[in-house]
Amino acid sequence: MKLSLASFLVAAVALQPALSVRTNSLLIDPAALPALPSAQQAASASADVGLNLTNIQGDILIGMKKNKELFFFFTIVNPTLFRSQLGSGILPLITPTSQLLAVDTQPTTAVNIAFSQRGLNALGITDDLGDTAFTNGQIDNVATILGDETSNWEPAFAGTGIHGVFLLASDTIDNVNATLSQVQNILNGSITEAYSLQGQARPGDEQGHEHFGFMDGISNPAVTGFSTPLPGQQVLDPGLFLLGESGDLVSRPSWAKDGSFLAFRQLQQRVPEFNAFLVDNALSNPNLTADQNAELLGARMMGRWKSGAPVDLAPTVDDPVLAADPQQNNNFNYTHPGFDEATDQTHCPFSAHVRKTNPRSDLNPEDTANHIIRAGIPYGPEVTDAENASNVSSTDPSLERGLAFVAYQSDINNGFAFLQQNWANNANTRNLKLTWNFSPLFMQGIDPIIGTGGLGQADVPRTPSGLDPSDPTRIITINQDFVVSRGGEYFFSPSLSAIQNTLSLGA
Ligand code: N7H
């Protein structure tokens with residue numbers, strides 16, 4: 001017998017591991033990041049456009065605010081048993097968006113689930129969801145689209161055993177582990193672990209900053225029907241991220257509505273190498289110390305300072321007050337009165353990571369198709385003294401660190417894969433609205449943070465101009481990759497009603 005969605009939501013609260021009402025949020029809340037809408041604001045915004053926030057899994061619209069998050073990848077070994085356990089035991093644990101917006105409705109551990117195409121196949125679900133990247137799997141994109149060197153891939157991602165992933169998020173790892181045990185007990189006999197990756201916000205003042213030290217997650221788009229837009233924030237249709245919603249033009253099976261494609265990437269960060277590169281190539285502004293000149297180079301490669309202040313508004317000196325103010329810290333678009341956007345790199349370099357991955361007004365009209373919601377979290381420990389001293393990342397696997405990258409979109413070829421292939425890995429395809437200056441000195445270059453210079457080859461030199469504000473035509477050669485892809489997979493994160501009515505078997 002199938003229960004209504006409403007009764008499942010009641011059951012979801014009842015079945016959470018600890019019944020106490022939360023007094024502290026399971027999410028982090030650094031000042032620089034946009035606040036989530038309150039439950040009332042979201043209820044009113046979603047009602048206006050008919051978005052059902054109790055049906056959409058919680059991770060999709062929330063962004064990069066998790067404190068601890070475990071990615072538990074699994075193989076389905078008994079599909080019939082799994083489908084029955086999914087409906088009776090797991091669905092009540094799944095956390096919808098609405099539940100995360102107020103502390104007292106948050107569960108002890110937020111639980112989300114997503115399936116690879118292989119996972120759907122294992123369950124006997126053969127509908128075409130309308131996304132070839134998802135259907136073919138990330139391994140199909142590995143070298144030619146993403147530029148990854150396949151030998152660096154974690155074997156689990158290169159194999160065929162990843163059918164799905166649980167995303168378990170809380171404020172303590174003990175909570176996450178307790179919920180994982182609960183999930184494994186429920187799914188006893190139907191799944192095995194394929195791989196797992198524990199993510200966590202960095203400690204102390206570094207909370208919200210990724211391992212290179214930069215505040216991350218400031219500039220996710222505002223989604224109509226969910227968020228209240230901040231100055232400079234692009235407002236986008238929900239259908240860019242949620243299947244079947246306004247703005248999604250692809251034909252999908254009706255049960256896929258309110259689901260989203262999740263692109264997962266384990267991106268290792270070579271932090272000691274990055275830091276050494278900045279010191280060795282520090283800029284030479286006479287008003288700055290050597291350390292500040294190294295910081296300046298890093299900021300210009302990223303397009304933001306470590307504080308989060310955008311280089312487009314603070315080109316040579318950090319501005320922590322601007323950085324911490326969401327009313328200002330995303331309010332830029334690379335245009336400046338009296339400057340030609342096609343050649344001006346005195347403000348923000350063309351190659352800066354944030355400009356490569358979201359060109360804003362460089363595109364005319366401003367791009368509305370190629371966007372993602374980033375929802376990842378750092379993984380791995382802090383850099384050790386020995387690594388700092390040697391300027392080399394340890395080869396000890398327990399010391400690997402990086403970003404457990406998560407991007408949500410309704411079309412992976414327009415979203416994550418497009419950003420990586422067409423913008424980050426591509427030295428010169430920006431469709432600038434002004435006549436493009438084809439001098440090599442004004443070439444954008446490949447993204448100095450995530451771009452790869454060769455298809456399937458690591459450490460191919462990248463040659464961006466614009467990094468030195470005192471001589472924007474100067475090219476600084478980067479001979480190594482600071483981000484190394486360890487692989488990933490594409491998943492579909494279904495709505496709660498799809499889990500109930502299509503993926504589960506009635507009890
Ligand atoms: Fe990036 N970083 O922490 O260093 N990213 N990113 N990213 N990224 C951004 O604005 C980072 C990666 C985007 O709208 C910031 O929130 C790192 C991939 C997009 O202005 C920082 C890695 C892709 C934006 C980082 C990594 C993107 C963005 C500035 C890998 C897509 C918004 C903070 C280890 C293919 C741009 C902020 C905008 C911003 C970091 C990966 C995309 C600090 C370390 C793979 C769209």
*After noting the C-alpha distance and the side-chain angles of Ser361 and Glu341, does the key distance pass the side chain to side chain donor-acceptor pair (under 3.5 Å) rule?*
CA-CA 9 Å; Ser361 114; Glu341 194 180 351; 3.1 Å; yes
Looking at side-chain heavy atoms only, is the closest gap between [X] and [Y] below 4.5 Å?
{"X": "Gln99", "Y": "Gln106", "result": "no"}
{"X": "Ile373", "Y": "Leu61", "result": "yes"}
{"X": "Asn413", "Y": "Thr132", "result": "yes"}
{"X": "Leu243", "Y": "Lys257", "result": "no"}
{"X": "Asn67", "Y": "Leu27", "result": "no"}
{"X": "Ser394", "Y": "Thr384", "result": "no"}
{"X": "Leu403", "Y": "His211", "result": "no"}
{"X": "Ser485", "Y": "Trp153", "result": "yes"}

_Asp447 and side chain to side chain donor-acceptor pair (under 3.5 Å): which single residue from Arg462, His353, Gln420 fits?_
His353
*Please work out which of the three classes, parallel, tilted or perpendicular, describes the rings of Phe274 and Phe214, given edges at 30° and 60°.*
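If you compare the ring of Phe214 with that of Phe274, the planes turn out perpendicular.
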*Mind telling me whether Trp423 and Phe418 have parallel, tilted or perpendicular rings, with 30° and 60° as the class edges?*
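Judged by the thresholds at 30° and 60°, the geometry between Phe418 and Trp423 is perpendicular.
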*Knowing that exactly one of Asp312, Ile476, Val311 qualifies, which makes a side chain to side chain contact (heavy atoms under 4.5 Å, CB included) with Pro349?*
Val311
*State which residue, out of Asp468, Val279, Leu283, Asp280, fulfils the side chain to side chain contact (heavy atoms under 4.5 Å, CB included) condition with Leu297.*
Leu283
Testing the basics here: between [X] and [Y], what is the closest heavy-atom pair and its distance to 0.1 Å?
{"X": "Pro381", "Y": "Glu400", "answer": "CD-O, 3.5 Å"}
{"X": "Gln234", "Y": "Asn358", "answer": "OE1-OD1, 4.0 Å"}
{"X": "Met64", "Y": "Leu33", "answer": "O-CD1, 4.0 Å"}
{"X": "Ser493", "Y": "Ile60", "answer": "OG-CD1, 3.7 Å"}
{"X": "Ala133", "Y": "Asn141", "answer": "CB-OD1, 4.3 Å"}
{"X": "Ile145", "Y": "Gln421", "answer": "O-CB, 3.3 Å"}

*asked:* For Asp471 and Thr473: C-alpha separation, side-chain torsions, deciding distance, then whether side chain to side chain donor-acceptor pair (under 3.5 Å) applies.
replied: CA-CA 5 Å; Asp471 178 6; Thr473 60; 2.8 Å; yes
Within the 3.5 Å criterion, strictly below it, is a donor on [X] or [Y] matched to an acceptor on the partner's side chain?
{"X": "Tyr195", "Y": "Gln266", "value": "yes"}
{"X": "Ser393", "Y": "Glu273", "value": "yes"}
{"X": "Ser219", "Y": "Gln233", "value": "no"}
{"X": "Arg270", "Y": "Asn275", "value": "no"}
{"X": "Gln198", "Y": "Glu69", "value": "no"}
{"X": "Asp367", "Y": "His371", "value": "yes"}
{"X": "Asp411", "Y": "Asn414", "value": "yes"}
{"X": "Arg300", "Y": "Gln345", "value": "no"}

*Identify whether the distance between the nearest side-chain nitrogen and carboxylate oxygen of Asp171 and Lys68 falls below 4.0 Å.*
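Looking at Lys68 together with Asp171, the answer is no, because their closest N to O distance does not fall below 4.0 Å.
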*Check the pair Phe416, Phe405 against ring pair (Phe, Tyr, Trp, His ring centres under 6.0 Å), reporting the backbone distance first and the verdict last.*
CA-CA 10 Å; Phe416 160 71; Phe405 177 86; 5.7 Å; yes
*Spell out, as yes or no, whether a donor-acceptor pair under 3.5 Å connects the side chain of Asp396 to the backbone of Ser398.*
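Yes, Asp396 side chain to Ser398 backbone: donor-acceptor pair under 3.5 Å.
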Measure from the ring center of [X] to the ring center of [Y] and say whether it is less than 6.0 Å.
{"X": "Phe73", "Y": "Phe157", "value": "yes"}
{"X": "Phe277", "Y": "Phe482", "value": "yes"}
{"X": "His347", "Y": "Tyr334", "value": "no"}
{"X": "Phe261", "Y": "Phe492", "value": "yes"}

_Arg355 NZ/CZ over Phe350 ring centroid, <6.0 Å and within 45° of normal_ =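 Ring-cation test returns no.
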_Apply salt bridge (charged side-chain N to carboxylate O under 4.0 Å, His left out) to residues Asp59 and Lys66 and explain how you reach the verdict._
CA-CA 9 Å; Asp59 198 49; Lys66 271 80 52 153; 2.5 Å; yes
_Between Ser307 and Asp318, does the side chain to side chain donor-acceptor pair (under 3.5 Å) criterion hold? Intermediate values first, please._
CA-CA 8 Å; Ser307 64; Asp318 189 10; 2.7 Å; yes
_Residues Thr452, Asp148; criterion side chain to side chain contact (heavy atoms under 4.5 Å, CB included); working and verdict_ = CA-CA 8 Å; Thr452 58; Asp148 291 5; 5.6 Å; no
*For Lys306, which of Glu295, Glu210, Glu206 qualifies under salt bridge (Lys or Arg N to Asp or Glu O under 4.0 Å)?*
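Exactly one candidate clears the test, Glu295.
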*asked:* Does Arg304 form a salt bridge (charged side-chain N to carboxylate O under 4.0 Å, His left out) with Asp216? I'd like the steps, not just the answer.
replied: CA-CA 10 Å; Arg304 285 191 185 269; Asp216 202 4; over 6 Å; no
_Rounded to the nearest 0.5 Å, what separates atom CD1 in Ile372 from atom CG in Leu236?_
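Answer rounded to 0.5 Å: 12.0 Å.
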